[in-house]
Amino acid sequence: MDKDKRKHRYVEGLGILIIMLALVRCAFPGISTQPVAQVSEAVDSLKADTVITAQTEVPTEEPAPKPDNQVPETKPVPEAKPVPETTKPVATRYLADGQRPHRIKSVPSYLRAFPDSQTVQLQAAQYWGVKPVKDRLDAENRKSELVYVDCSPYYYIDPLHSSIPYLVPRAAILLQDIGQAFFDSLQVKGVPLHRFIVTSVLRSQVDVAKLRQYNPNATEQSCHLYGTTFDICYNRYKTVEDPEGPRRREVRNDTLKFVLSEVLNDMRQNGRCYIKYEVKQGCFHMTVR
């Protein structure tokens, strides 16, 4: 009889256990996704409570020991997608020494960067220059005061019709410094070397009188009379070619003008010269200071 009672209580306890597991499943649906070891522990706990509640001796099996070095579940790594053509790295241009070329900035406005008027330049010309030259013979006799300027590795003297290639030493040094700075700037910016063109230098009084006959912009009190002033063309340049090397690539005149304007702006900001941007004449008109 005791044996039947024990069997009956065991069936009742088992039924209560099943009902409790069903309630736990309904209350916590995510329990099915927990690790197997955690579910096993919850079941063992429920079994122990059921045995105590039923006050019966129900034989239970000990749970398998949880391994200490259990490896957590890891998600597979997605395959890398191919890089589109538009996002591939672009080859960067470098100079011969391995350095990246400097950026060409130019100036915000030519008229604002080079606004020095005729009045301002004339005062500097009269201060630093010689007495006005009467004619070309008079210029030849002023060699103690004037320096002959010819085509240089850094600049080119245009065929002169209304001026002669003479400057005071101070202005000749300025012209040479501008040419060297222009070359240096072209190199660090990765632009093929070019020489700028000087279109006007010293003018005698005879030259000014002839020029005024067909050029209304020419003035009788010209800064060019004193050997302190010269004009640099900004829309024409001379390409530096290697006779034995390959032909140089073409460069837009606007690009060279941008670089030249940077050099001239630095010279003006450093107090080396006054500069006027001449729109009609197509040149930078400058006087040493």
Side-chain angles (χ1 to χ4, degrees), residues 105-134 138-139 142-152 154-158 160 162-185 195-205 207-208 211 215 217-234 256-289:
K105 298 180 181 178
S106 185
V107 293
S109 169
Y110 297 115
L111 294 176
R112 294 180 181 178
F114 310 112
D116 301 320
S117 63
Q118 166 71 13
T119 303
V120 174
Q121 296 200 36
L122 183 59
Q123 293 177 355
Q126 292 174 345
Y127 182 82
W128 294 107
V130 298
K131 293 181 179 180
V133 177
K134 295 180 181 179
D138 187 18
R142 299 280 194 94
K143 290 183 178 180
S144 60
E145 304 173 82
L146 298 171
V147 176
Y148 177 78
V149 291
D150 198 0
C151 293
S152 163
Y154 302 109
Y155 57 83
Y156 176 81
I157 303 293
D158 225 19
L160 302 176
S162 300
S163 63
I164 50 182
Y166 289 95
L167 289 171
V168 297
R170 190 182 185 88
I173 294 174
L174 172 65
L175 178 60
Q176 184 76 5
D177 290 346
I178 293 175
Q180 291 180 349
F182 183 58
F183 259 41
D184 292 342
S185 187
R195 294 186 294 171
F196 58 75
I197 300 174
V198 179
T199 56
S200 183
V201 199
L202 172 68
R203 292 175 185 167
S204 66
Q205 292 177 333
D207 292 328
V208 172
L211 190 61
N215 186 358
N217 294 324
T219 176
E220 187 176 359
Q221 290 294 326
S222 174
C223 298
H224 289 277
L225 289 168
Y226 303 92
T228 58
T229 305
F230 51 88
D231 296 340
I232 295 180
C233 178
Y234 57 67
L256 299 172
K257 181 181 179 181
F258 294 158
V259 179
L260 179 60
S261 66
E262 292 180 15
V263 173
L264 296 180
N265 188 49
D266 290 340
M267 292 290 178
R268 182 179 179 275
Q269 294 294 332
N270 292 330
R272 298 287 305 276
C273 57
Y274 292 112
I275 304 176
K276 175 68 175 178
Y277 179 71
E278 298 286 357
V279 179
K280 294 183 179 180
Q281 301 299 323
C283 68
F284 293 105
H285 174 77
M286 64 191 68
T287 299
V288 70
R289 55 179 294 196

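The first residue of the sequence shown is numbered 1, and numbering continues consecutively from there.
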Taking the cut-offs as 6.0 angstrom to the six-membered ring centre and 45 degrees off its axis, would you call Lys257 and Phe196 a cation-pi pair?
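No.
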
Can you tell me how far apart [atom1] ([X]) and [atom2] ([Y]) are? Round to the nearest 0.5 Å.
| X | Y | atom1 | atom2 | value |
| --- | --- | --- | --- | --- |
| Asp177 | Cys273 | CG | SG | 10.5 Å |
| Phe258 | Lys105 | CZ | NZ | 14.5 Å |
| Gln205 | Ser222 | CD | OG | 11.0 Å |
| Ile197 | Cys233 | CD1 | SG | 5.5 Å |
| Asp184 | Gln180 | CG | CD | 7.0 Å |
| Asp231 | Ile275 | CG | CD1 | 11.5 Å |

Determine which pairs satisfy ring pair (Phe, Tyr, Trp, His ring centres under 6.0 Å) with at least one residue from residues 112-133, sequence neighbours left out, and list them in order.
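Non-adjacent pairs meeting ring pair (Phe, Tyr, Trp, His ring centres under 6.0 Å): Phe114-Phe284.
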
Using ring-ring contact (aromatic ring centres under 6.0 Å, His included), reason through Phe182 and Tyr155 one step at a time and then give a plain yes or no.
CA-CA 9 Å; Phe182 183 58; Tyr155 57 83; over 10 Å; no

Close side-chain approach of [X] and [Y], heavy atoms under 4.5 Å:
| X | Y | value |
| --- | --- | --- |
| Thr229 | Met286 | no |
| Leu260 | Ile232 | yes |
| Phe230 | Ser200 | no |
| Leu167 | Val147 | no |
| Tyr156 | Val198 | no |
| Lys276 | Glu278 | yes |
| Tyr166 | Val149 | no |

Where do [X] and [Y] come nearest, in terms of heavy atoms and distance?
| X | Y | result |
| --- | --- | --- |
| Val208 | Arg203 | CG2-CB, 4.0 Å |
| Leu202 | Gly227 | CD1-N, 3.4 Å |
| Tyr226 | Ala125 | CB-O, 3.6 Å |
| Val263 | Ser185 | CG2-CB, 4.0 Å |
| Asp207 | Ser162 | CB-O, 3.4 Å |
| Glu262 | Ser106 | OE2-N, 2.6 Å |

Run the side chain to side chain contact (heavy atoms under 4.5 Å, CB included) test on Leu146 and Val130 for me, step by step, so that the C-alpha distance in whole Å, both residues' side-chain angles and the decisive distance to 0.1 Å come before the verdict.
CA-CA 8 Å; Leu146 298 171; Val130 298; 4.0 Å; yes

Identify, with sequence neighbours excluded, every residue that meets salt bridge (Lys or Arg N to Asp or Glu O under 4.0 Å) alongside Arg142.
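Partners of Arg142 under the salt bridge (Lys or Arg N to Asp or Glu O under 4.0 Å) test: Asp138, Glu145.
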
Quick one: salt bridge (Lys or Arg N to Asp or Glu O under 4.0 Å) partners of Arg289, sequence neighbours excluded?
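For Arg289, no residue satisfies salt bridge (Lys or Arg N to Asp or Glu O under 4.0 Å) once neighbours in sequence are set aside.
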
Evaluate the side chain to side chain contact (heavy atoms under 4.5 Å, CB included) criterion for residues Arg268 and Asp116: first the C-alpha distance (whole Å), next the side-chain angles of each, then the deciding distance (0.1 Å), finally the verdict.
CA-CA 10 Å; Arg268 182 179 179 275; Asp116 301 320; 2.8 Å; yes

State whether the side chain of Gln118 and the backbone N or O of Gln221 hold a donor-acceptor pair below 3.5 Å, judged by distance alone.
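Between the backbone of Gln221 and the side chain of Gln118 there is a qualifying donor-acceptor contact (under 3.5 Å).
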
Is a side-chain donor or acceptor of Arg195 paired with a backbone partner of Ser152 at a separation under 3.5 angstrom?
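Yes, the answer is positive, given that a donor and an acceptor are paired below the 3.5 Å cut-off.
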
Evaluate the criterion side chain to side chain contact (heavy atoms under 4.5 Å, CB included) for residue pair Arg272 and Ile178; output intermediate values, then yes/no.
CA-CA 10 Å; Arg272 298 287 305 276; Ile178 293 175; over 6 Å; no

For His224 and Val201: C-alpha separation, side-chain torsions, deciding distance, then whether side chain to side chain contact (heavy atoms under 4.5 Å, CB included) applies.
CA-CA 6 Å; His224 289 277; Val201 199; 5.8 Å; no

Scan side-chain atoms only and decide if Thr228 and Thr287 contain a donor-acceptor pair under the 3.5 Å cut-off.
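Thr228 vs Thr287: no donor-acceptor pair found between side chains.
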
Kindly assign one of parallel, tilted or perpendicular to the pair Phe183 and Tyr154, based on the angle between their ring planes and the thresholds 30° and 60°.
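Geometry flag for Tyr154 against Phe183: perpendicular rings.
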
